[in-house]
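Single-structure report; data block below.
Whatever order the structure lists ligands and atoms in, that order sets their numbers, starting from 1. What's counted below: heavy atoms across the whole structure, side chains too, no hydrogens, waters or symmetry copies. Position 1 is the first residue of the sequence, and the numbers go up from there.
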Amino acid sequence: MRDASPQTTYLKDYTVPDYLIHKVALHFVLDEERTEVTARLTLSRNPASLSMSAALVLAGENLTLQRIILNDGEELVAADYVQAADSLTIYNVPQQQPFVLTIENTINPKINTALEGLYLSNGMLCTQCEAEGFRKITYFLDRPDVMATFTTTLVGDKSRYPVLLSNGNKIAHGELEANRHWVTWEDPFTKPCYLFALVAGQLECIEDHFTTQSGRDISLQIFVEPQDVDKCAHAMQSLQNAMRWDEEVYGCEYDLDLYMIVAVSHFNMGAMENKGLNVFNTKFVLARPDTATDSDYEHIEGVIAHEYFHNWTGNRITCRDWFQLSLKEGFTVFRDQEFTGDRTSKAVKRIEDVTMLRTRQFAEDAGPLAHPIRPEAYIEINNFYTVTIYEKGAEVVRMLHTLLGAERFRKGSDLYFARHDGQAVTCEDFVKAMEAANGVGLVQFRRWYSQAGTPVLTVSRRYDSQAQTLTLSISQECPPTPGQAVKEPLHIPVKVGLIYPDGTIAPCQLQGSADSAEEVILALTEAAQDFVFTGLSSEPAVSVLRGFSAPVKLVMERSLTELAFLLSHDSDTFNRWEAGQQLIGQAITGLIADVQNNRELRLDPIIIEAFRQVLAQPWEDLSYFSLLLSLPSETYLAEQMPVIDVVAIHTAREFVKLTLAEQLQNALQTLYLNNHRDESGCFDAGAIGRRRIKNTCLNYLCALDDPALKNWAHQQFKTAKNMTDQMAALTVMVNNPHYARRQCLAEFYQQWQHEALVIDKWFALQAASPAPDTFATVQALMAHPAFDLGTPNRIRALIGAFSQANPLHFHAANGQGYQFLADQIIALNTLNPQVASRMISALTSWRRYDAGRQALMTAQLERIMSTEAISKDVYEIASKSLA
Ligand code: B3K
Ligand code: ZN
């Protein structure tokens, strides 16, 4: 084990830094195997520090120290400092006045397979510093509350590194002997070191510009490898859209004269918001109609916006410590969700976000790794870039938005920006700004920050025809989570609407209030509360938790008839879709029990009728229409079961799909044919919607054993000029028995072998297939020349897709899937700990399965735990999973 007992860091132990760094001047002489780093730091004792020790302790890992100089004087000698594996302690630094410390060290980017710090990607040098990667570049106070201005000089070979980039504005450059050159960058804004970046390589640039609301002209540049210049236009347009939106909605204007984005092929996550120099996974930049799907286009726009929005929520105002991560991530995710909703379809975006929250975050919140959005302890902070911090964090910000309303929320964000610009602050500061700007108290609401677990709301109702009142009784309960046995009631906004039996809107008038509205936001603050609606001439249907107004589970008894009524009459787009999902979910749940008990399967005609009605209506938003026709995923269905039975879930769901296809074949065929046209290169909502609805139909139709329909898929595959249609066709061919399956997979590889992101799709598609030979295919793909354990995108495409998107085969009863995954995690542990620990998630939920699978899964977790030289990353997730 790397560390006999990896140390835990606690929020309660937070103290201010003993020293401050005001100015940083970095000088890099770049080389693949030996980069020389000189850091000239201007420091001073922090007057706020209470520490008695005068020593300056800097963090540093994998560095070769050359020398240390104090105040431009003599080199320090051995007695002046102590070097440890992860720190450098310097004694006798000045206490009364600022001082300059110059540290020289070297690093080896080539052996840096963890992709944190300075590393190599296809010959290009690039950095990733968040959360604690800067300490792999030089010795530093590597914590977000130490903010400094940075000046960076890069020196490198002109042929290998024609492009030399860092944060801020380029202020000088020049030539050197031996075919070398240099560039100096200056970032005038103070920032923590996690926002530092440098990139050097043979890159091409596409350029455009943006005029800000105050009339400043900003140069926008996207840097990519030469073969990818034809795939940047969408990213550039997305950036411009994001810049405009942030001015309009938040009044936030960009501050530097230059905004750069670099796309790299080797990247641990999606992208990184380094000041003025975002570094992106190629997956979230590159798009051409024939290489990227409609969803890819939307995700690119969303991630470009997310990183851009960080310029204010994250960079100008940053986090005091890493426990406050959700301060920047939750808020920024909320901002990017709203942006995408405005750019595409609000209804669809909300459904997608809630679906992801309910499948992944609810599972995390119910498992051994549950943590509040502001955690209290961590071993490895990289393990806390979770769906809870990000997505639940965004839901908490959304609830504030719902409770305050858009205008008052904006007043709060304005005050937050005004108060804290240039500071490193806490979640508490954010809530205080919301309170102060609006003269409200959010005392109880704060519990959302400290309490983990998903609250369960139980709703019952009583209609009194005499009094013409409807009473909604709502109770809340939050199950215990690790380390938090007792839960306090939360402040939960519950948006409600009422609908009369004829489909018209019933007024919402709460007893004792003069206001009547089409919908209300109930403030649930007690463990149980009654809400009485008055003036209701007949019993209305109740639409509860509209727009998914809080991240909770809703328990409410409703008949299939009532759900079918809401599916056709609810004016809230989220709840309308949700009614359909509940309806079909109830049916599938019944069928799962039938499968388990060997009973004959039969789909309730009310379901078929409900789908028939959805199909018969005219829909403007075709993307929304296709969501109405989609079945809940196997993962979502699994979440609803006390003991997950992957085989029964798959069997029941496939049966429903087949039955609907049989019963609705004509309507589905017509819909397919009406929307099947070549609109490649067209990305307006109409064209995207037509592709979505058509491909949803194709997915149903290819479940039928009909050669003519199978041929539709084959034809679509052969003639498609856009990736959405080509991929959709290939997917149905790979997921269903199909005569041309092998041939088309081979053709697809042939066609796209030089496009890494498309080949990732090819791997993922096969890894996620329910086809019986999938496990053998996955094993064979591990040996494919295009597979590479050094490329995170490829790992996620093959190992990630198999373990996280293929419940049927990953959870094979003989345990071969588990053993396979553990083998890969053990191999990745040394190579790339961050990616390794992410891959464990498929084993974390072992308690949800039957005893046989539990034993097999825990045995693999134990095996992972006994890995020699286990990383902190893997140790933390594996040990907590078992605890
Ligand atoms: N802030 C980065 C994530 C960094 C992850 C470090 N392991 C991307 C983002 O959330 O925008
Ligand atoms: Zn972020």
I'd like to know whether ligand 1 has Gln834 as a neighbour, heavy-atom separation below 4.0 Å. yes

Is Tyr385 in polar range of ligand 1, meaning some N or O pair under 3.5 Å apart? no

If the cut-off is 4.0 Å to any non-hydrogen atom of Lys328, which atoms of ligand 1 fall inside it? 1 (N)

Is it the case that Asn832 and Thr113 place a side-chain donor and acceptor less than 3.5 Å from each other? no

N or O contact, Glu329 vs ligand 1, cut-off under 3.5 Å: yes

Within 4.0 Å of some non-hydrogen atom of Met272, the atoms of ligand 1 are 1 (N), 2 (C)

Nearest protein heavy-atom contact for atom 7 (N) of ligand 1: which residue, which atom, what distance? Asn382 OD1, 2.9 Å

for atom 8 (C) of ligand 1, nearest protein heavy atom and its distance come out as Ala271 O, 2.9 Å

the protein heavy atom lying closest to atom 11 (O) of ligand 1 turns out to be Glu307 OE1, 2.7 Å

Using a strict cut-off of 4.0 Å, indicate which atoms of ligand 1 neighbour a heavy atom of Met269. 3 (C), 4 (C), 5 (C)

Taking all atoms of both residues into account, what is the closest heavy-atom pair of Asp142 and Cys193, and its distance? OD1-SG, 3.2 Å

Arg143/Asp321 salt bridge by N-O under 4.0 Å criterion: no

Distance from atom 3 (C) of ligand 1 to nearest protein heavy atom, with residue and atom: Tyr390 OH, 3.6 Å

Assess whether side chain to side chain contact (heavy atoms under 4.5 Å, CB included) is satisfied between Val249 and Glu338, documenting all intermediate values. CA-CA 10 Å; Val249 180; Glu338 291 294 286; over 6 Å; no

Counting heavy atoms only, which part of Glu380 comes closer than 4.0 Å to ligand 1: side chain, backbone, both or neither? neither

Quick note on ligand 1: atoms under 4.0 Å from a heavy atom of His310 include exactly 9 (C), 10 (O), 11 (O)

Under 6.0 Å from the OH atom of Tyr14, do we count more than 12 heavy atoms belonging to anything else shown? yes

Could you point out which residue of Tyr254, Phe334, Trp245, Tyr250 forms a ring-ring contact (aromatic ring centres under 6.0 Å, His included) with Phe309? Trp245

Least distance between heavy atoms, Ile840 atom then Ala878 atom: CD1-N, 4.1 Å

In terms of atom number and element, which parts of ligand 1 are under 4.0 angstrom from non-hydrogen atoms of Glu273? 1 (N), 2 (C), 8 (C), 9 (C), 11 (O)

I'd like to know if Arg316 pairs up with Asp255 as an ion pair, taking the criterion as any Lys NZ or Arg NE/NH1/NH2 lying under 4.0 Å from an Asp or Glu carboxylate oxygen. yes

Any chance NZ of Lys283 has more than 12 other-residue heavy atoms, nucleotides or ligands included, within less than 6.0 Å? no

Quick test: of every protein heavy atom, which one is nearest to atom 1 (N) of ligand 1, and how far off is it to 0.1 Å? Glu130 OE1, 2.6 Å

What is the NE2(His310)-the Zn ion (ligand 2)-OE1(Glu329) angle, to the nearest 10 degrees? 100°

